[in-house]
Amino acid sequence: MAYIISFMIAYLGYRVTGYDFFVLLTLISISLDIYKDLTKYFKILKRYLIYAKDKTARR
């Protein structure tokens, strides 16, 4: 829902002013959100892979 509102504000800002600043600001904020979510996912995946290793193979 927040993404839809963000896109609407960016579109309205672009239509009123004619500047791409609003569109770029929206794309940057969404890409930062995606980056944060992916880093959380990769931390969880890394933790799982560390604990899932076969402990008997180590000597």
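Side chains included, hydrogens not; waters and symmetry mates left out as well; all remaining heavy atoms used. It should be emphasised that the depicted structure is a prediction, and the values quoted were computed from it without experimental measurement.
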Here the gap from Ile34 atom CD1 to Ser29 atom OG, rounded to the nearest 0.5 Å, amounts to 9.5 Å

Do Leu38 and Ile44 share a hydrophobic cluster, counting only Ile, Leu, Val, Met, Phe, Trp and Tyr and linking them when any side-chain heavy atoms are less than 4.5 Å apart? no

Under 3.5 Å donor-acceptor pairs involving side-chain atoms of residues 10-17, not counting sequence neighbours:
{"unit_1": "Thr17", "atom_1": "OG1", "unit_2": "Gly13", "atom_2": "O", "d": "2.6"}
{"unit_1": "Thr17", "atom_1": "OG1", "unit_2": "Tyr19", "atom_2": "N", "d": "3.3"}

CG of Leu45 to CZ of Arg47, rounded to nearest 0.5 Å, is 10.5 Å

d(Leu25 CG, Ile9 CD1) to nearest 0.5 Å is 10.0 Å

Under a side-chain separation threshold of 4.5 Å, the hydrophobic residues clustered together with Leu32 are Ile28

Tyr35 meets the side-chain contact (heavy atoms from CB on, under 4.5 Å) criterion, sequence neighbours left out, with Thr39

